[in-house]
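Structure record follows, encoded as structure tokens.
Any value given below was found using the heavy atoms of this structure, including those in side chains, with hydrogens, waters and symmetry copies removed. Just so we're clear, the structure is a prediction, and the values are computed from it rather than from any experiment.
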Amino acid sequence: MGCDGGTIPKRHELVKGPKKVEKVDKNAELAAKWKYCALSQEKLRRPIVSCELGRLYNKDAIIEYLLDKSAERPNAEAVTHIRGIKDIKELNLTDNPEWEGERRNAKGDRYEDIHCGMFICPVVGLEMNGKHRFCYLQTCGCVFSDRALKEIKTEICHKCGDPFKDEDIVVLNGTKEEVQKLKEKMEEKRVKAKTKKSKKSKAVETVSAPPESKEDAQSPPVDVAGRKSQQNGNESSQSAVAGPSGASSSTKCSKSLAASATKRSIQDMEEKSEAFKSLFTTHSSAKRSKDQTSNWVTHTPYHF
């Protein structure tokens, strides 16, 4: 069974076995997460921001996405949870003094360390290259390694001094389980924010309601009662003097007084301020002089 030329094939050349599963290169995966933007797939450059799920983005790419969400992008699924600029936080990163840039090995005569990171932890000095766990604070945006936060337990930021809580710590490029927890935390936070806004809107509506309506409703009955008492006294005196003919006139007077009490002018109310009275056309400032009266040419008298 030789081929032309006298070669003898081997078994692995004739029999096809199962295909091997392709494995992802870990170095390439880490570089894609920690050195490239999760949206535009471009290299990270300042200003760098992060979302509530701990993904890294270029701020320019996020702003372009928010301005035009209909445009096609390579990885638009990674930013569907970002609604506005308030959902991201600009990171306060510490530069790595050993980082010489992308062209440090242009000639190819030097050893190139793939795991060298652009940024480091300001407390411990670990490089932010994916081998170590890093977190950032939502209050100030400072980035630290998880080891620094565990070894030096404090409620004040190590870099800027701003206070923070354990709830403000977000893991950068965490595992699937950590991302799921951050997503649940983000949804709970947004639901609480909605309830607070609804309560504030209701409180503003109650405060903005004018309290003068109650005074207007309460003040006329007092005057009406006082006038009714006077009317009753006048009726009794008139009935005693005039007899049956005076009774009919007294009833007419009482009706007219009751109507005048209900239709009392606002300008006669002593409890109302002068500024409130000036809002109505019955005020003296609203009355027009002879010079300001309408001409026969005008369509409406309120032409001034």
Side-chain angles (χ1 to χ4, degrees), residues 28-104 115-123 126-146 148-149 157-165 167-176 178-183 185-187 189-190 193:
E29 187 179 4
L30 292 176
K33 285 185 177 180
W34 295 91
K35 294 184 179 181
Y36 292 86
C37 174
L39 175 60
S40 62
Q41 302 299 319
E42 297 177 355
K43 289 187 177 181
L44 290 173
R45 59 184 182 275
R46 291 178 182 270
I48 299 172
V49 297
S50 179
C51 62
E52 294 176 337
L53 302 182
R55 294 168 185 159
L56 299 175
Y57 311 93
N58 288 327
K59 192 173 183 179
D60 300 339
I62 293 295
I63 292 174
E64 290 177 1
Y65 164 74
L66 294 175
L67 291 174
D68 185 13
K69 294 184 179 181
S70 61
E72 294 182 359
R73 290 176 176 81
N75 196 12
E77 297 177 356
V79 291
T80 52
H81 61 283
I82 298 177
R83 303 169 299 177
I85 202 71
K86 293 182 179 180
D87 294 335
I88 59 175
K89 185 70 178 179
E90 187 172 346
L91 300 181
N92 186 8
L93 298 162
T94 305
D95 294 327
N96 186 5
E98 296 183 0
W99 176 258
E100 298 178 1
E102 300 174 358
R103 298 181 180 178
R104 64 184 182 277
H115 301 293
C116 184
M118 293 185 292
F119 310 106
I120 60 172
C121 174
V123 180
L126 296 175
E127 293 183 357
M128 199 173 74
N129 53 10
K131 287 188 174 182
H132 308 283
R133 196 175 178 215
F134 271 75
C135 309
Y136 82 91
L137 306 179
Q138 286 184 332
T139 53
C140 57
C142 296
V143 180
F144 303 97
S145 62
D146 188 51
L149 294 176
C157 178
H158 300 297
K159 193 172 183 180
C160 62
D162 291 343
F164 70 93
K165 299 179 181 179
E167 300 174 354
D168 300 328
I169 300 173
V170 179
V171 181
L172 290 172
N173 290 328
T175 60
K176 292 182 179 180
E178 291 173 345
V179 171
Q180 186 64 28
K181 289 180 181 179
L182 290 173
K183 190 178 289 185
K185 181 181 175 182
M186 176 186 67
E187 292 174 355
K189 188 176 179 180
R190 289 181 179 180

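Rounding to the nearest 0.5 angstrom, the gap separating the CD1 atom in I169 from the OG1 atom in T139 is 9.5 Å. To the nearest 0.5 Å, the span separating CG on N58 from CD1 on I63 amounts to 10.5 Å. The structure places OG of S50 at 5.5 Å from CG of L56, a figure rounded to the nearest 0.5 Å. To the nearest 0.5 angstrom, N173 atom CG is 11.0 Å from L53 atom CG. D60 CG to I48 CD1: the interatomic distance, rounded to the nearest 0.5 Å, is 11.0 Å. Atom CD of E127 is separated from atom OG of S145 by 12.0 Å, given to the nearest 0.5 angstrom.
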Next on the checklist: Would L172 and W34 count as a side-chain contact (heavy atoms from CB on, under 4.5 Å) here? Give the steps.
Outcome noted: CA-CA 9 Å; L172 290 172; W34 295 91; 3.9 Å; yes

Checklist entry - Would L149 and H158 count as a side-chain contact (heavy atoms from CB on, under 4.5 Å) if you check the C-alpha gap in whole Å, the side-chain angles of each, and the deciding distance to 0.1 Å? => result CA-CA 9 Å; L149 294 176; H158 300 297; 4.2 Å; yes

Next on the checklist: Under the criterion side-chain contact (heavy atoms from CB on, under 4.5 Å), I'd like the reasoning laid out for L91 against V49: C-alpha separation, chi angles, the key distance, then a yes or no.
Outcome noted: CA-CA 5 Å; L91 300 181; V49 297; 5.8 Å; no

Item to check | Worked check of side-chain contact (heavy atoms from CB on, under 4.5 Å) between E52 and R190 | outcome: CA-CA 11 Å; E52 294 176 337; R190 289 181 179 180; 3.9 Å; yes

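When side chains are defined from C-beta on, P122 counts as touching F144, because their heavy atoms get closer than 4.5 Å. Counting heavy atoms from C-beta outward, E29 and K33 have side chains that approach closer than 4.5 Å.
Contact record, D95 with P97: O-CD, 3.5 Å, taken as the closest heavy-atom pair. Nearest heavy atom pair, residue N75 against residue A38, reads ND2-O, 2.9 Å. Heavy atoms only, all atoms of each residue included: Y65 and R73 are closest at CA-NH2, 3.4 Å. C116 approaches W99 most closely through the heavy-atom pair O-CZ3, 3.5 Å. L66 and G84 get closest at one heavy-atom pair: CD1-C, 3.8 Å. Scanning both residues, Q138 and V170, for their nearest heavy atoms gives NE2-CG2, 3.5 Å.
Electrostatic pairing of D87 and K189 does not count as a salt bridge here, judged by no charged N lying under 4.0 Å from a carboxylate O.
Distance alone, capped at 3.5 Å, places no donor-acceptor pair between the D146 side chain and the R133 backbone. The closest donor-acceptor contact from the side chain of R46 to the backbone of L93 lies under 3.5 Å. With hydrogens and angles disregarded, a donor-acceptor distance shorter than 3.5 Å links the side chain of N96 to the backbone of G117. Looking only at distances, no side-chain donor or acceptor of N92 sits under 3.5 Å from a matching main-chain atom of G141. Looking at E178, its side chain does come within 3.5 Å of a backbone N or O of T175 through a donor-acceptor pair. Under the 3.5 Å distance criterion, the side-chain polar atoms of N129 are matched with a main-chain donor or acceptor of K131. Not a single donor-acceptor pair under 3.5 Å links the side chain of T94 to the backbone N or O of F119.
Within a 6.0 Å radius of NZ in K181, other residues, nucleotides and ligands contribute 12 heavy atoms or fewer. Remark: K185 NZ is packed, more than 12 non-hydrogen atoms of other residues, nucleotides or ligands lying under 6.0 Å away. Residue F164 places its CZ atom among more than 12 non-hydrogen atoms of other residues, nucleotides or ligands, all under 6.0 Å distant.
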